[in-house]
2 protein chains.
Amino acid sequence: MLDLAILGLLFEQEMHGYEIRRRLRDELGLFANISFGSLYPALSRLERSGAVAVTESGGTSSAPLLSTGSLGGERAGLRARRSGATLGTKRSRKVYRITGQGRALFEQLLEGEEPAGADDARSFGLRLAFARHLAPSARLALLERRRAQLTRRLATDLVRASGDRLDVYTRSLVEHSTESTEHDIAWLDRLIDAERQKQAASRTDGARSADSTDPSDPHSGDAMTSSSPTGAS
Amino acid sequence: MLDLAILGLLFEQEMHGYEIRRRLRDELGLFANISFGSLYPALSRLERSGAVAVTESGGTSSAPLLSTGSLGGERAGLRARRSGATLGTKRSRKVYRITGQGRALFEQLLEGEEPAGADDARSFGLRLAFARHLAPSARLALLERRRAQLTRRLATDLVRASGDRLDVYTRSLVEHSTESTEHDIAWLDRLIDAERQKQAASRTDGARSADSTDPSDPHSGDAMTSSSPTGAS
DNA sequence: ATTTCGATGTATCAATCCGATACATCGAAA
DNA sequence: TTTCGATGTATCGGATTGATACATCGAAAT
């Protein structure tokens, strides 16, 4: 769950933990505030499993942090890079970058079925936020899976909420929830429509850049169109 | 969080665990599927703290009544029961009922500020589902607190999502999220309006049944109008 | 100039929740 | 008679949270 988010951000560029949190909060509205108590353990997990690699940059005080940092000139580097937002100094920082294994894991997680459980909204939203890395067909499948999920929920909700014994507040809550779900479905329908049109256009158009939604992304759905569907473990 | 939901249900009538889960799922649409892995520990917690009391039903004679903390060999015990030790047992069921202490805890939890964290929607929805147990003023405060929360979120979201570098899918996600929040706020405005009118009516009307939204509820907001805000431990 | 204060940055802890799983009974369909 | 799905209680491992701790930095306040 969090792994997917982290790998998705690191897919674009390397980052340190605090920055990952900031991006998650600011860029994707999801994960309003990811806790460090889940972020750092997740990073450790990913590092342990070889999905990300870390380069530590300078500690001045107490602990003899393993100085295996492949980079030498922090001081020169910090001045040179002051243009960006992510620049830092010698304050102890661990910069994470994704590995090849991590990229494979990312695509696997992204393509995998999202859990139908408690926070399915987050799970779906997260995948949609990285949908540009999916092949057009997988993208469409994601949207339709979500649509089916919401439709199913709506059906069972209506059966249940038909109860007349609910008090005013609970009834209003259920009704509003139903409306919201319908709103979501309508939104998904628009997205699905757009996807279908895009795919139709790309078919008539030959194989132009029609399935690329973000030209800045060097992948734009070619890596996965050719990958085998069973994709190993 | 879950404690509030459990106590809220037991406030109305006694129940066993499975039934609590069913009601949570069917009656309140929230908590789509509460896990037993959280429900049963929560019930144990509440029992240990004295908020609920349990009566085991099912033994032909309620003789066994094993000490509630016995965690030595449940599985072995169940097997033994089946093999022939205590026979004729109806299906084991634990019926939970709320205690006076539990009622106090419920009101305290219900009145307490909801966390602004990850699943604030659930936290608010849960409180709204039990809003009939709140005094009119506390009810109004709950709604307005939620409104302020959403407004705040909307403001910060707009500042952030102004970024133009988002791809199509992420942008659509953020936009839809913003719309949903606005929809929620409009809904809250309707609820707040209704509450205000009800209060105004009850003031001009004297002290008729104007603030009771559910006549079947014997409390209807008198117990908490007189409770001190600092409410002990 | 020095203190104060908030943002940056990494990290751990207890509590909680979830999903999976196990075990067991029951009624009804096959 | 067996099978099967609903009912019912319970535990386990893993993930997430909120709180807390520690430390450095930049800038405003004194």
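Order of the sequence lines sets the chain letters (A, B, ...), proteins ahead of strands, with each chain counted from 1.
Put simply, A:R122 has no side-chain N or O that comes within less than 4.0 Å of OP1 or OP2 on D:dA15. For C:dC17, one of the phosphate oxygens OP1 or OP2 lies less than 4.0 angstrom from a side-chain nitrogen or oxygen of B:R45. Phosphate contact (OP1/OP2 of C:dT10, side-chain N/O of A:Y40, threshold under 4.0 Å): present.
In this entry the distance linking CE of B:M15 with C1' of D:dT7 reads 16 Å, nearest Å. Between the CG atom of B:N33 and the C1' atom of C:dA20 there is a distance of 13 Å, rounded to whole Å. At whole-Å resolution of the value, CD1 in A:I20 and P in C:dT8 are 15 Å apart. For the pair A:H16 NE2 and C:dT10 C1', the computed distance is 10 Å after rounding to whole Å. Between the C1' atom of C:dA7 and the CZ atom of A:R22 lies a distance of 12 Å, rounded to the nearest Å. With rounding to whole Å, A:R21 atom CZ is found 15 Å from D:dT16 atom P. Rounded to whole angstrom, the span from the NZ atom of B:K94 across to the P atom of C:dA24 amounts to 17 Å. Rounded to whole Å, atom C1' of C:dA11 lies 12 Å from atom CG of A:L43.
Nearer the 5' end of DNA chain D, as judged by each residue's closest nucleotide, is the contact made by B:S38, out of A:G37 and B:S38. For the pair B:F36 and B:A42, both in contact range of DNA chain C, the more 5′-proximal nearest nucleotide belongs to B:A42. Toward the 5′ end of DNA chain D lies the nearest nucleotide of B:Y96, the other residue of the pair B:Y96 and B:D119 mapping further downstream.
Each of C:dC17, D:dT16, D:dT9 was ranked by its minimum atom distance to the side chain of B:Y18; first place goes to D:dT9. Picking from C:dC18, D:dA19, D:dT9 the nucleotide with the shortest atom distance to the side chain of B:R93 gives D:dT9. Among D:dT17, C:dG19, D:dT9, the nucleotide with an atom closest to any side-chain atom of B:S35 is C:dG19.
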Test ring-ring contact (aromatic ring centres under 6.0 Å, His included) applied to B:F130 and A:Y169, step by step: CA-CA 8 Å; B:F130 295 127; A:Y169 301 106; over 10 Å; no
If you apply the rule salt bridge (Lys or Arg N to Asp or Glu O under 4.0 Å), what do you find for A:R132 with A:E12, and how did you get there? CA-CA 12 Å; A:R132 63 179 177 281; A:E12 318 269 324; 2.7 Å; yes
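Residues satisfying the side-chain contact (heavy atoms from CB on, under 4.5 Å) test with A:S180, not counting sequence neighbours, are A:H176, B:H183, B:D184. Listed by chain and number, the residues in a salt bridge (charged side-chain N to carboxylate O under 4.0 Å, His left out) with B:E144 are B:R196 (sequence neighbours excluded).
Using cut-offs of 30° and 60° for the angle between ring planes, the A:H133 and A:F11 rings count as tilted.
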Just the dot-bracket of DNA chain C, please: which string comes out with Watson-Crick or G-U pairs under 3.5 Å, [ ] for crossing, | for another strand? ||||||||||||||||||||||||||||||
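Annotation: the span from A:L150 atom CG to A:E182 atom CD amounts to 11.0 Å, rounded to 0.5 Å.
The closest side-chain donor-acceptor pair between A:R48 and A:S44, if any, does not fall under 3.5 angstrom.
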